[in-house]
Amino acid sequence: MNNSILSLSCPMPKLDFDVITLGHGSGGVLTNKLLESGVFDLLKNPILDEHHDGAIFELDGKLAFSTDSYVISPVFFPGGNIGELAINGTVNDLAMCGAIPKYLSLSFILEEGLTMTEFWEILLSIKAAAEKSGIFIVTGDTKVVERGKGDKIFINTSGVGQLHPKAAISAKRVQVGDKVIVSGNIATHGIAIMSVREGLDFETSIESDTINLNHTVEALLDTFGNDIHLFRDPTRGGVATVLNEIARDTKLGINIQQKDIPVIEEVYGACELLGLDPLYVANEGVFMAIVSAEIADDCLKKLQTFENGQNAAIIGEVVSEHPRQVVLQSRIGGKRVINMLVGEQLPRIC
Amino acid sequence: MNNSILSLSCPMPKLDFDVITLGHGSGGVLTNKLLESGVFDLLKNPILDEHHDGAIFELDGKLAFSTDSYVISPVFFPGGNIGELAINGTVNDLAMCGAIPKYLSLSFILEEGLTMTEFWEILLSIKAAAEKSGIFIVTGDTKVVERGKGDKIFINTSGVGQLHPKAAISAKRVQVGDKVIVSGNIATHGIAIMSVREGLDFETSIESDTINLNHTVEALLDTFGNDIHLFRDPTRGGVATVLNEIARDTKLGINIQQKDIPVIEEVYGACELLGLDPLYVANEGVFMAIVSAEIADDCLKKLQTFENGQNAAIIGEVVSEHPRQVVLQSRIGGKRVINMLVGEQLPRIC
Amino acid sequence: MCLAIPGKIKSIEYQYDGLVRMAKVVFGGITKEASLEMVPDAKEGDYVLVHVGVAISIVDEEEAQKTFKYLEEIGEIDELVQHSQIDASEGGTQWRN
Amino acid sequence: MCLAIPGKIKSIEYQYDGLVRMAKVVFGGITKEASLEMVPDAKEGDYVLVHVGVAISIVDEEEAQKTFKYLEEIGEIDELVQHSQIDASEGGTQWRN
Amino acid sequence: MKYLSEFRNPEIVEQYIAELHKITTKPWTIMEVCGGQTHSLVKNGILNILPKQITMVHGPGCPVCVTPLTLIDKALYLAEEKNVILCSYGDMIRVPGSKRSLLEAKANGADIRIMYSPLEAVKIAQENPTREVVFFAVGFETTAPANALSVIHAQRLGLKNYSILASHVLVPPAMEAVINDKEAKIEAFLAAGHVCTIMGMSEYEPIVEKYKIPMVVTGFEPVDLLQGILMTVRQLENGEAKLENQYSRVVKPEGNPEAQKVIAKVFRTDDREWRGIGTIPQSGWEVNEEMAAFDANKKFSVNIQKVPECADCIAGQVLKGIKKPFECSQFGKACTPLNPLGAPMVSSEGACAAYYHYSEAMEEALV
Amino acid sequence: MKYLSEFRNPEIVEQYIAELHKITTKPWTIMEVCGGQTHSLVKNGILNILPKQITMVHGPGCPVCVTPLTLIDKALYLAEEKNVILCSYGDMIRVPGSKRSLLEAKANGADIRIMYSPLEAVKIAQENPTREVVFFAVGFETTAPANALSVIHAQRLGLKNYSILASHVLVPPAMEAVINDKEAKIEAFLAAGHVCTIMGMSEYEPIVEKYKIPMVVTGFEPVDLLQGILMTVRQLENGEAKLENQYSRVVKPEGNPEAQKVIAKVFRTDDREWRGIGTIPQSGWEVNEEMAAFDANKKFSVNIQKVPECADCIAGQVLKGIKKPFECSQFGKACTPLNPLGAPMVSSEGACAAYYHYSEAMEEALV
Ligand code: SF4
Ligand code: SF4
Ligand SMILES: [Mg+2]
Ligand SMILES: [Mg+2]
Ligand SMILES: [Mg+2]
Ligand SMILES: [Mg+2]
Ligand SMILES: [Mg+2]
Ligand SMILES: [Mg+2]
Ligand SMILES: [Mg+2]
Ligand SMILES: [Mg+2]
Ligand SMILES: [Mg+2]
Ligand SMILES: [Mg+2]
């Protein structure tokens with residue numbers, strides 16, 4: 001999305017306050033004023049009812065339910081902001097379950113002093129992301145915490161989706177010979193964030209690739225059904241951590257090829273500079289699929305036809321050797337074990 | 001619930017860390033370690049799957065969906081802590097929709113430095129509250145923010161419930177003549193919290209009355225069905241604000257009688273001392289029902305048979321006069337308009 | 001201005017090396033600390049009027065009764081209002097605002 | 001120890017009232033500021049080795065080529081590795097790690 | 001609660017109301033001086049059960065309302081200084097300064113804390129030895145002993161990081177200002193019970209004598225207020241002008257000598273500006289020379305530009321009872337409790353806020 | 001990226017590997033001195049494609065690993081002082097002190113910030129004039145110019161609130177200590193390329209001559225390392241002991257004279273304690289007298305109890321290449337990267353951490 005265009009077409013309603021204060025979370029006039037200011041009209045839909053305690057809708061059958069809180073710093077980063085992240089994140093988690101995301105809840109924890117223009121920009125991103133993914137935001141909440149007890153804005157989204165009829169997503173279905181696919185360049189999001197962190201900041205054109213993956217996932221399930229054994233989005237902890245979780249849960253080994261892992265050059269440069277390993281850097285617009293070997297190439301081709309899948313690649317496979325371990329073959333042919341991230345990834349001096 | 005007994009019977013798993021650090025939210029080893037430490041085993045149930053992106057369950061028909069973030073300070077207060085509050089709050093919001101709460105998501109934003117013993121105590125309360133209300137926590141998330149960017153712990157819960165077959169809860173159904181019932185003593189929770197606030201603290205035996213209301217609400221719906229027109233829990237902003245919201249949404253007037261509003265003496269004393277009005281103080285274990293006049297007395301009697309309903313009272317009625325306004329008749333017979341809370345309620349000098 | 005309410009002295013202690021007399025004062029079941037420096041005669045059991053943490057006066061029971069006798073005194077009331085009827089509950093029982 | 005990587009000087013400016021020479025150095029598409037105080041001869045277009053924000057050496061292209069000629073020189077390699085083949089992409093194109 | 005509930009007894013209220021209706025024969029305009037009394041009249045719905053002939057006018061007795069703009073700006077300036085913790089009473093922090101309120105400054109990062117008591121601010125100073133703690137000490141005579149005590153406590157503790165920004169105003173000069181204003185047509189006063197608790201009644205005798213105006217020292221509960229009004233109306237109807245004491249359970253004629261001593265230790269009398277009213281000679285207390293080390297005015301050199309008050313706001317006339325809030329062109333329009341243009345719209349005691357909550361809605365709501 | 005990707009070219013790697021296999025006839029034990037080299041060997045999986053006869057031993061060249069406990073405790077103490085912002089490099093903050101790591105102190109509220117460069121810490125000092133900013137300046141010769149520059153910048157800016165806690169160690173004395181240790185059986189060295197970039201090669205000539213030990217100044221990329229190893233093995237196989245420079249594109253024989261000048265401006269040589277190894281004479285740099293105002297050691301009087309290191313930790317022997325990490329009784333048991341007992345388990349350069357990630361799993365994983 002392009003925020004600047006949206007902002008132009010969607011001016012903020014005229015308000016008699018510039019910043020969020022504690023009163024906006026008190027439940028009284030200010031809260032109602034915020035709710036009725038037109039600010040939240042952005043997100044209007046027939047189910048969203050600001051004045052009751054919850055939303056009512058009809059859904060049948062197997063449902064997926066997921067939650068995530070978003071606490072990113074800084075809130076605005078190259079390529080996006082916390083708003084679209086919060087929508088895409090939960091939409092994607094539902095998609096990773098093999099579900100078609102339907103309804104989202106949206107809950108804000110605002111820090112006293114957040115400016116309304118910042119909040120408005122975030123809301124615009126939320127709206128755009130919600131529309132793009134096709135979900136409805138049906139229930140919400142706004143709390144305000146004292147200055148110094150929050151970090152501008154935290155967002156929780158929880159989502160309900162309907163399981164795709166052909167989906168059979170489970171770690172139990174992963175088997176030896178399955179191929180590991182990543183849907184795009186890795187580490188882009190995490191490095192975009194790091195580029196604006198105090199003490200580390202650098203100039204770059206790297207932008208977060210946060211995007212909704214549900215349409216892509218739905219199309220893959222339409223075509224390949226239960227030949228897709230597992231979806232995972234390698235967010236916190238990166239690709240390495242998710243691969244380790246899969247190895248642990250399946251009790252199988254995983255081999256990956258360094259040369260096949262797609263990383264854009266800028267990201268690579270930043271990783272070199274800070275001493276980070278792209279395999280451990282957080283992603284947002286990327287998912288991993290473990291698919292049966294027979295359909296892996298077709299699946300990759302299909303994936304590559306999508307907006308967010310052009311750089312998709314088969315990076316490895318599931319093996320019976322070294323159970324519970326992930327082994328990387330380096331570009332120069334050496335091998336090493338890839339462990340989970342220990343603690344946080346911190347920039348190194350050496 | 002009695003935390004001390006629970007704590008005795010439920011010792012915290014042995015851990016090699018005492019406090020939460022950023023690494024626990026990094027998604028890597030520490031996050032997995034926290035997840036696998038047994039700490040979250042407390043909440044185990046067949047649907048909760050820590051290792052995937054969401055929970056899968058079956059539900060049919062009309063569903064209610066609600067979210068709330070909990071940001072209370074202090075986190076531990078007389079009579080409870082943020083944990084049970086977060087469970088009861090969303091359970092109650094679903095109940096207020098006329099739904100039977102089924103599944104909850106649970107998302108933590110922990111501040112670096114939170115001690116594991118505090119976290120454990122909160123988890124114990126969550127477990128107890130979940131069991132008491134009969135809901136299942138099926139999906140979760142844990143984020144950690146830097147020291148000074150949070151306030152020990154914020155919790156979001158979102159919940160899905162199934163609409164009670166007899167429920168017909170809607171502001172549109174409220175009509176002139178309907179009675180306004182409160183389910184118990186008001187302002188107790190808010191004053192319990194204030195009693196431990198910096199600069200205001202006082203000694204008291206007042207305890208928060210936070211409790212799940214779903215069983216009570218379900219029983220009322222079983223018996224009185226669509227004679228119950230509206231439920232609302234007067235949390236932030238208190239009874240006054242909710243009454244104003246109802247008056248606004250229904251475009252009707254509401255009269256209430258000061259003498260009929262139940263407030264315990266300690267709470268009354270604290271309000272006098274700090275210059276607060278109990279009508280504006282937040283509640284947790286209390287709900288309001290707008291019911292048809294014919295069943296109001298029976299409904300009250302039934303309500304009074306419940307653990308959390310002994311002090312229930314009919315405090316007023318819906319009128320055609322003064323549309324959109326709430327008017328209180330004072331104990332001495334005077335009248336005044338009750339507005340929404342403006343800003344926060346702050347203790348007064350005069 | 002000047003929100004001040006009457007509370008009953010539950011206990012007295014000395015602070016600042018014995019220089020300052022502080023009391024625990026009970027207001028309808030809650031207890032708050034208040035300075036007794038302005039009311040040197042106040043003793044346990046007394047009702048004091050407390051404003052922003054400082055007791056500024058001892059409430060005089062005899063004078064209080066005058067309000068209830070005023071109408072009678074000015075000859076305008078027939079039945080004397082019973083004391084028992086107007087005395088507030090002091091316990092922790094439920095209070096209707 | 002001492003993570004240091006080579007980057008290309010994009011531009012040079014003076015800070016601290018002209019006392020300190022600082023450069024924008026490009027590393028595979030990202031740009032970071034680095035002090036040139038240790039490499040007074042460095043000029044725009046040069047590759048410098050940067051460690052914790054300080055350029056500590058200019059990379060010598062001629063010397064760099066020796067590594068690729070080493071095996072040949074010691075007479076152990078038949079085919080000369082083509083320079084074109086081993087030169088890295090400098091643009092913003094996709095990079096496979 | 002003893003001494004509260006008896007004075008809220010509906011039956012006694014009824015008797016007083018009946019008596020008032022009985023004896024009132026002419027229209028009377030009475031000013032209740034104290035904002036606490038205003039609050040009680042409004043909160044208990046007393047205004048609409050009084051005889052129609054009685055008009056209650058809200059006096060200037062709201063310390064929050066009369067604190068001058070410049071002082072609020074000064075408090076704001078100090079609060080925004082990085083190393084200051086500014087403490088004050090809850091109702092003070094919503095009052096708008098020339099640019100913003102303390103609440104807004106807090107939202108923008110200033111360390112501002114709401115205290116029940118200035119003695120707690122001293123504790124904050126003790127706990128934060130590397131910070132400067134400033135207590136914004138607003139108040140009438142009632143609050144002066146507590147604010148003064150905080151200075152004495154800080155001195156005892158040897159604290160070098162505690163000071164007060166005093167905004168202390170005195171009731172008698174304000175009452176005289178109201179009486180002397182030609183536009184104000186007040187016929188009697190309910191004097192402020194808690195102020196008299198401290199200062200006693202002797203200050204008021206000369207006023208009653210000089211201006212031949214009835215005055216009853218009155219408490220704050222419904223029965224108190226009704227008795228006070230009854231006593232006042234009796235004087236008015238009888239053509240008397242006496243100083244009476246309705247609130248004798250608390251107010252002694254001599255006031256509280258201990259409190260007066262403490263005040264004298266810390267404060268000295270001086271001219272003072274009242275927001276919306278202007279400077280009234282000898283109408284305020286400043287920190288005296290002896291305690292200068294605890295005077296935020298002296299401790300911090302702050303040069304605050306004097307800013308004119310909002311031109312449309314007629315707060316001064318409202319505070320003197322000359323105009324009713326709804327006579328103000330901004331009332332309920334640009335000026336609401338959420339967005340107050342003048343101080344009387346801020347505090348729940350403020351006359352404009354009281355009227356906003358009361359009349360605006362009441363007129364349509366209460367048939 | 002130019003100068004990186006060429007040196008990671010798989011075909012060239014293959015040629016070097018082939019050549020190495022061809023010429024290696026006997027078992028050789030080579031120490032790569034620098035932790036960065038260790039990291040590259042591990043990360044690129046070079047260790048398991050080298051001829052089996054070649055044993056690479058990880059040297060003490062990890063500044064984070066050799067920073068003594070007392071200094072970490074001192075940094076912790078300063079960080080926990082309320083008014084200090086402690087800045088350091090990312091890998092330093094995980095190293096355990098005697099009670100906790102800086103990371104834990106941070107979780108407990110200390111203001112600790114991770115910096116890419118000490119020059120950024122100077123900016124923090126500029127932006128926080130009321131706080132003390134201490135940069136925990138660890139490093140070998142490579143990092144010394146940057147740390148020294150930060151002091152010079154702070155001096156230029158007239159900052160009074162910036163200081164460094166220097167933990168500067170020198171490579172040549174450590175190499176001699178390794179050679180002189182009877183248990184260490186190192187037959188050749190890959191000298192640390194970036195250290196030599198600063199200091200040049202002249203310091204190493206006497207060592208090579210005195211101990212008749214082959215030494216090749218080596219870079220960090222796979223091709224660099226393999227060329228360095230090849231050059232070393234050629235010497236060993238030929239019975240030579242020369243000082244060679246594989247990393248000539250960066251390392252000049254004379255080093256970087258400007259950097260040496262800056263170092264001399266700020267530091268002086270002194271005895272220094274190495275964690276796990278003990279005190280090595282003249283093996284470190286301290287802030288000199290002229291710059292004493294920027295020396296956190298002098299600025300803050302800190303009395304830190306000297307605490308014995310963990311008795312079971314054999315970090316010293318590991319750092320000198322005498323023992324392999326898995327010979328340590330705690331390795332992988334009580335001591336893991338998540339809960340390190342000794343520093344080499346902390347940094348990803350640390351030999352124990354490298355082995356933990358590599359061997360423990362590798363042995364079963366790589367058939
Ligand atoms: S309504 Fe507002 S503007 Fe008018 S007098 Fe009152 S405070 Fe001033
Ligand atoms: S494994 Fe741990 S305890 Fe053993 S030598 Fe290494 S750091 Fe020390
Ligand atoms: Mg999730
Ligand atoms: Mg974007
Ligand atoms: Mg997620
Ligand atoms: Mg996920
Ligand atoms: Mg809510
Ligand atoms: Mg809700
Ligand atoms: Mg409880
Ligand atoms: Mg709620
Ligand atoms: Mg609710
Ligand atoms: Mg999650």
Side-chain angles (χ1 to χ4, degrees), chain C residues 1-8 15-17 19-20 22 26-29 32-41 47-68 70-72 74 76-79 81-83 85-90 95-97, chain E residues 1-7 9 11-12 15-16 18-19 22-23 34-36 39 61-64 89 115-120 139-143 145-147 149 152-153 156-157 192-195 197-198 219-220 223-224 227 230-231 234 246-252 256 258-259 262 349:
Chain C
M1 85 210 95
C2 316
L3 181 78
I5 68 161
K8 187 178 184 173
Q15 296 182 358
Y16 294 97
D17 304 320
L19 281 173
V20 174
M22 296 294 284
V26 178
F27 305 92
K32 184 93 187 141
E33 221 180 36
S35 156
L36 296 184
E37 288 160 280
M38 308 293 125
V39 285
D41 299 335
Y47 277 79
V48 284
L49 196 72
V50 176
H51 172 66
V52 298
V54 176
I56 55 171
S57 177
I58 302 173
V59 184
D60 186 323
E61 170 66 25
E62 220 167 281
E63 291 293 327
Q65 287 307 318
K66 288 192 182 159
T67 296
F68 307 112
Y70 178 73
L71 289 177
E72 184 193 7
I74 62 172
E76 300 291 351
I77 195 170
D78 302 322
E79 301 144 77
V81 177
Q82 293 300 310
H83 178 75
Q85 197 180 322
I86 57 170
D87 199 25
S89 66
E90 269 186 71
W95 176 262
R96 286 180 184 264
N97 185 16
Chain E
M1 283 169 72
K2 192 163 155 72
Y3 296 124
L4 284 187
S5 30
E6 310 92 292
F7 293 91
N9 186 303
E11 288 163 47
I12 306 191
Q15 291 160 5
Y16 271 106
E19 179 65 16
K22 204 151 86 187
I23 70 157
C34 174
H39 191 72
C62 164
V64 160
Y89 303 113
M115 296 284 123
Y116 164 72
S117 164
L119 304 183
E120 317 241 13
F140 277 87
E141 292 91 329
T142 320
T143 314
N147 291 343
L149 258 190
I152 293 170
H153 282 200
R156 268 192 202 124
L157 291 165
H194 291 152
V195 167
T197 305
I198 302 298
F220 297 79
V223 171
D224 289 326
Q227 187 186 1
L230 179 60
M231 290 164 84
R234 279 171 59 97
Q246 180 277 328
Y247 203 31
S248 60
R249 67 182 183 280
V250 162
V251 174
K252 306 292 156 234
N256 183 329
E258 288 300 324
V262 164
E349 267 79 335

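Residue numbering restarts at 1 for every chain, and letters A, B, ... go by the order of the sequence lines. On a predicted model such as this, the values are computed, not experimentally measured, just so you know.
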Applying a strict 4.5 Å limit to non-hydrogen atoms, the region of C:Ile58 in contact with chain E is backbone
The interface call for C:Val26 against chain E, heavy-atom contacts under 4.5 Å, is neither
Rounding to 0.5 Å, atoms OH (C:Tyr70) and CD (E:Gln15) come to a distance of 14.0 Å
In short, C:Glu37 meets E:Glu258 closest at the heavy-atom pair O-CB, 4.0 Å
- Item | Check: C:Leu3 and E:His39 side chains under 4.5 Å, non-hydrogen atoms | no
Bottom line for C:Ile56: the part with an atom under 4.5 Å from chain E's heavy atoms is both
By side-chain hydrogen bond (donor to acceptor under 3.5 Å, both in side chains), E:Tyr16 pairs with (sequence neighbours left out) none
Q. Are E:His194 and C:Leu49 side-chain neighbours, meaning at least one heavy-atom pair lies under 4.5 Å?
A. yes
Separation between CE (C:Met38) and CG (E:Leu149), nearest 0.5 Å, reads 3.5 Å
Rounding to 0.5 Å, atoms CG (C:Leu71) and CD1 (E:Ile12) come to a distance of 8.5 Å
Cut-off 4.5 Å, heavy atoms of chain C, and the answer for E:Met231 is both
Side chain to side chain contact (heavy atoms under 4.5 Å, CB included) filter on C:Ala34, not counting sequence neighbours, yields C:Val25, C:Val50
Under 4.5 Å to a heavy atom of chain E? For C:Gln15 that would be neither
Output for pair (E:Glu6 CD, C:Gln65 CD), nearest 0.5 Å, gives 7.5 Å
In this structure, OH of E:Tyr3 is separated from CD1 of C:Ile5 (nearest 0.5 Å) by 14.0 Å
Looking only at E:Leu119, E:Ile152, E:Leu157, E:Val223, most heavy-atom pairs under 4.5 Å shared with chain C are made by E:Leu157
Are C:Glu61 and E:Lys2 ion-paired here, with the side-chain N under 4.0 Å from a carboxylate O? yes
Chain E shares the most heavy-atom pairs under 4.5 Å, among C:Glu33, C:Glu62, C:Lys66, C:Lys32, with C:Lys32
Under 4.5 Å to a heavy atom of chain C? For E:Val262 that would be side chain
Taken to the nearest 0.5 Å, the spacing of C:Ile74 CD1 from E:Glu19 CD works out to 4.5 Å
| message | Any non-hydrogen side-chain atom of C:His51 less than 4.5 Å from a side-chain atom of E:Thr143? | response | yes
Shortest non-hydrogen pair, E:Ala146 vs C:Val54, comes out as CB-CG2, 3.5 Å
Discussion item. I want to check something: taking the side chain as every heavy atom from C-beta on, are C:Asp60 and E:Ser248 in contact at a cut-off of under 4.5 Å?
Written reply: no
